[in-house]
Structures are given as C-alpha cells and as structure tokens.
Amino acid sequence: MSQKKLVIIGGVAGGASAAARARRLDEQADIVLFERGPDISFANCGLPYHIGGTIAERDKLLVTTPEIMKAKFNLDVRTRSEVIAINREEKTVLVRNLANNEEYSESYDELILSPGAAPIRPPIPGIDHPQVLTLRNLEDMDRIIAQLAGGKRAAVIGGGYIGLEMAQALRERKLETSLIELAPQVMGPADPEMAAVLHQELRLHGVDLKLETSVTAFEESSDGVDLILSNGDRLKVDVAILAIGVKPETTLAVNAGLELGTTG
C-alpha cells in the first residue's frame with residue numbers, strides 16, 4: 001500500500017490537533033503542516049492575560065513548538081509558509097515562503113483546511129491607523145504590548161469575550177480604559193439582568209463604559225489616535241483595540257470552489 005500524504009493548512013489549535021490525531025491513526029503517513037505565522041499551537045485564550053500581566057512569561061503561551069512536533073509525531077512543520085491557492089484537479093497547493101517570498105507547489109493525497117478566523121475590521125474611516133489594533137496571535141499581542149509602553153489611555157471597541165478580557169488587562173496595566181459597545185449591554189448572549197452585574201463590575205474597576213455607542217471614525221492625533229463617537233464625543237487614546245468579532249477565513253476554500261455552509 002502506498003504511503004499517504006496529508007497536507008494541513010493552519011497550525012494553531014485545529015491544525016496542530018488534527019496533525020497529532022492523524023499521526024496516531026497512521027504511523028506511516030507523510031504529514032505536512034503549513035502555518036503562515038512564526039508559531040504553532042499557542043494558547044489563544046491566554047493572550048489578553050499576558051498583556052495584563054497575569055501570565056508573566058510569554059513562553060507559557062507556547063503549547064508546543066515545530067521542533068517538538070517533529071520529534072514527537074514525525075511531522076513536517078513549515079512555519080512562515082502561506083498557502084495561497086489550491087488546485088483540486090492536480091491535488092496540489094501553492095505555497096509562499098514568507099521568509100524569502102519564493103513560491104512552490106506541494107502535492108497532497110488528502111487536505112485539511114484549518115486557517116481559523118480573522119478579526120472583523122469594518123470600513124470605518126481611519127481604521128487602518130497603526131494604533132488601531134486587533135488581537136489574534138502572538139505577533140498581535142507583541143504589537144499591542146509595544147504600543148502600550150508609556151501609554152496612559154486605551155479604548156476597546158466591542159464588549160464580547162475578547163473585549164471584556166482586554167478591558168480587564170488594560171486596567172491591570174493601570175491604563176485609563178474606555179469600553180465602547182454598540183448594543184445596550186456587554187456580553188450579548190447574557191440575560192440583561194446578568195449583564196447589569198457586569199456593567200457594575202466594570203465601572204467599579206474604573207472602566208469608562210459607553211453603551212449604545214459606536215465609533216464613526218478614527219483620526220490622526222499628535223500623540224495617538226482620536227475616536228469620533230456616534231454621540232458626537234471625541235476620545236483621545238494611545239491605542240484602540242478592535243474586538244467586534246471574527247469571520248472565518250474562507251478565501252482559499254471559496255477560490256478552490258468548495259461549498260460553504262449557510263453561515264459562510
């Protein structure tokens with residue numbers, strides 16, 4: 001029986017778990033794991049807690065490394081490698097080596113897509129300002145920490161899980177923190193009575209909570225970025241963090257002609 005070749009796109013939670021499981025099911029398979037970032041299998045949920053200092057050591061967020069996965073599961077792990085196209089007829093993927101920008105083709109017998117999700121960045125004027133950041137991976141986390149150094153005031157846009165965790169992290173860093181939420185409450189799925197307790201807790205810990213408010217524009221300021229709010233107010237901050245949700249990264253699947261579900 002010929003040796004099967006499995007290619008996995010995405011090396012964080014889903015991709016790394018799939019690779020480990022595939023190895024347990026088939027000791028002979030050739031398994032290649034592509035990850036466009038520099039790290040695999042890191043603790044996404046811990047990112048705000050390192051920013052706030054609860055998790056002091058950055059290395060504690062690394063669940064494993066490519067070297068460990070290679071030694072333990074005999075995987076071919078290629079970081080800084082972005083799959084940019086799938087050819088279903090030829091059963092190949094086109095890969096760009098982000099270290100040198102060279103492209104090459106890699107064959108597969110079976111393919112697993114696990115690219116995860118991307119933070120939503122709505123078309124608000126000025127949203128591409130360098131001090132308007134999102135949090136998805138370790139590189140984003142490092143960028144936020146660097147931007148916060150010496151800063152005094154920050155804003156979080158979005159009152160879901162990540163938004164609340166980021167507000168807590170910023171307050172633990174002693175920054176003046178505003179939390180801006182379009183809905184009448186934070187944590188949308190919660191009952192209003194439960195959310196009222198969260199609102200009280202946020203304010204008790206010094207968070208400037210702005211409900212039923214949106215950001216209509218981000219504008220350059222001499223020492224940061226100004227947020228223009230729907231109520232007409234202008235909020236000056238050193239950094240703004242978008243936490244208004246994520247969307248699945250389906251570009252590869254769509255371009256390859258794969259059928260998507262009703263939610264995309």
Side-chain angles (χ1 to χ4, degrees), residues 8-21 33-69 72-73 75 77 79 112-121 132-148 154-175 177-181 183 185-190 194-195 197-199 201-202 205 207 209 239-250 263:
I8 301 172
I9 302 173
V12 189
S17 298
R21 179 62 180 156
L33 181 68
F34 290 111
E35 168 55 44
R36 68 183 174 194
D39 306 292
I40 64 165
S41 194
F42 55 85
N44 314 60
C45 297
L47 302 180
Y49 296 99
H50 179 63
I51 293 171
T54 303
I55 300 174
E57 297 176 37
R58 185 184 188 278
D59 286 352
K60 296 288 187 186
L61 298 172
L62 294 170
V63 178
T64 188
T65 66
E67 293 75 22
I68 291 172
M69 290 291 274
K72 189 173 182 180
F73 296 109
L75 304 176
V77 180
T79 56
I112 293 177
L113 299 182
S114 184
I120 294 172
R121 295 183 72 98
V132 179
L133 303 174
T134 55
L135 180 62
R136 181 181 186 269
N137 54 35
L138 290 166
E139 292 175 299
D140 292 341
M141 179 190 74
D142 294 338
R143 206 171 289 119
I144 289 172
I145 291 172
Q147 198 67 62
L148 291 175
V156 179
I157 299 100
Y161 292 105
I162 301 298
L164 291 174
E165 290 172 359
M166 276 309 308
Q168 177 185 346
L170 294 168
R171 287 301 296 139
E172 287 178 350
R173 291 179 68 102
K174 310 300 183 191
L175 273 77
T177 303
S178 295
L179 179 59
I180 301 162
E181 169 56 52
Q185 68 175 62
V186 300
M187 195 62 74
M194 297 292 290
V197 178
L198 295 175
H199 298 164
E201 191 73 7
L202 285 161
H205 284 83
V207 175
L209 181 60
V239 62
I241 297 165
L242 294 174
I244 54 178
V246 296
K247 58 183 178 181
E249 289 208 2
T250 56
T263 61

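Computed from heavy atoms alone, side chains included, the values below leave out hydrogens, waters and symmetry copies.
- Counting only heavy atoms from C-beta outward, the side chains of Phe34 and Ile8 never approach each other to under 4.5 Å.
- Rounding to the nearest 0.5 angstrom, the gap separating the CG atom in Leu135 from the CD1 atom in Ile162 is 6.0 Å.
- Between the side chain of Gln185 and the main chain of Met187, a donor-acceptor pair closer than 3.5 Å is present.
- Applying the side-chain hydrogen bond (donor to acceptor under 3.5 Å, both in side chains) rule to pairs touching residues 11-21 yields nothing, sequence neighbours excluded.
- Residues Leu175 and Ala154 share a closest heavy-atom pair of CD2-CB, 3.9 Å.
- For Gln168, the side-chain hydrogen bond (donor to acceptor under 3.5 Å, both in side chains) criterion is met by Glu172, not counting sequence neighbours.
- In terms of heavy atoms, Pro66 sits closest to Thr79 at CG-CG2, 3.8 Å.
- Between the His50 side chain and the Met141 main chain, no donor and acceptor come within less than 3.5 Å of each other.
- For Leu133, the side-chain contact (heavy atoms from CB on, under 4.5 Å) partners at least two apart in sequence or on another chain are Arg143, Ile144, Gln147, Val239.
- Here Arg58 pairs with Asp142 under the salt bridge (Lys or Arg N to Asp or Glu O under 4.0 Å) rule; sequence neighbours left out.
- Heavy-atom minimum distance, Gly10 versus Leu33: O-CD1, 3.4 Å.
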### Query
Should Val77 and Glu35 be marked as a side chain to side chain contact (heavy atoms under 4.5 Å, CB included) after you check the CA-CA gap, both sets of side-chain angles, and the distance that decides it?
CA-CA 8 Å; Val77 180; Glu35 168 55 44; 5.9 Å; no
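- Distance CG/Leu62 to CZ/Phe42: 9.0 Å, rounded to 0.5 Å.
- Residues Val132 and Ile241 fail the side-chain proximity criterion, which asks for heavy atoms closer than 4.5 Å.
- In this structure, the side chains of Leu47 and Asp140 stay at 4.5 Å or more apart for every pair of heavy atoms.
- Residues Ala155 and Ile180 approach most closely at CB-CD1, 4.5 Å, considering heavy atoms.
- Side-chain atoms of Leu164 and Leu179, non-hydrogen and from C-beta on, do get closer than 4.5 Å to each other.
- With sequence neighbours excluded, no residue satisfies side-chain hydrogen bond (donor to acceptor under 3.5 Å, both in side chains) with Thr177.
- Remark: Thr64 OG1 to Met69 CE distance equals 6.0 Å, nearest 0.5 Å.
- For the pair Ile120/Leu242, no side-chain contact is recorded, criterion being any heavy-atom separation below 4.5 Å from C-beta on.
- Nearest heavy-atom pair, Met166 versus Pro48, reported as atom, atom and distance to 0.1 Å: SD-CB, 4.0 Å.
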### Task
I would like to know whether Leu61 and Asn44 meet side chain to side chain contact (heavy atoms under 4.5 Å, CB included); could you show each step before the answer?
CA-CA 8 Å; Leu61 298 172; Asn44 314 60; over 6 Å; no
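- Residues Val63 and Ala43 come closest through the heavy atom pair CG2-N, 4.0 Å.
- Glu249 is linked by a side-chain contact (heavy atoms from CB on, under 4.5 Å) to Arg36, Pro115, Ala118, Arg136, counting only residues two or more places apart in sequence or in another chain.
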### Trace of the side chain to side chain contact (heavy atoms under 4.5 Å, CB included) decision for Val186 with Leu209
CA-CA 9 Å; Val186 300; Leu209 181 60; 4.0 Å; yes
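- Considering only heavy atoms from C-beta on, Ile145 stays 4.5 Å or farther from Leu148 through its side chain.
- Thr65 is linked by a side-chain hydrogen bond (donor to acceptor under 3.5 Å, both in side chains) to Glu67, counting only residues two or more places apart in sequence or in another chain.
- The distance from the CZ atom of Arg173 to the CD1 atom of Ile51 is 8.0 Å, given to the nearest 0.5 Å.
- In this structure a side-chain-to-backbone donor-acceptor pair under 3.5 Å is present from Glu181 to Ala183.
- Taking the side-chain contact (heavy atoms from CB on, under 4.5 Å) definition, one finds that Ala13 meets it with nothing, sequence neighbours left out.
- Here Pro248 pairs with Thr250 under the side-chain contact (heavy atoms from CB on, under 4.5 Å) rule; sequence neighbours left out.
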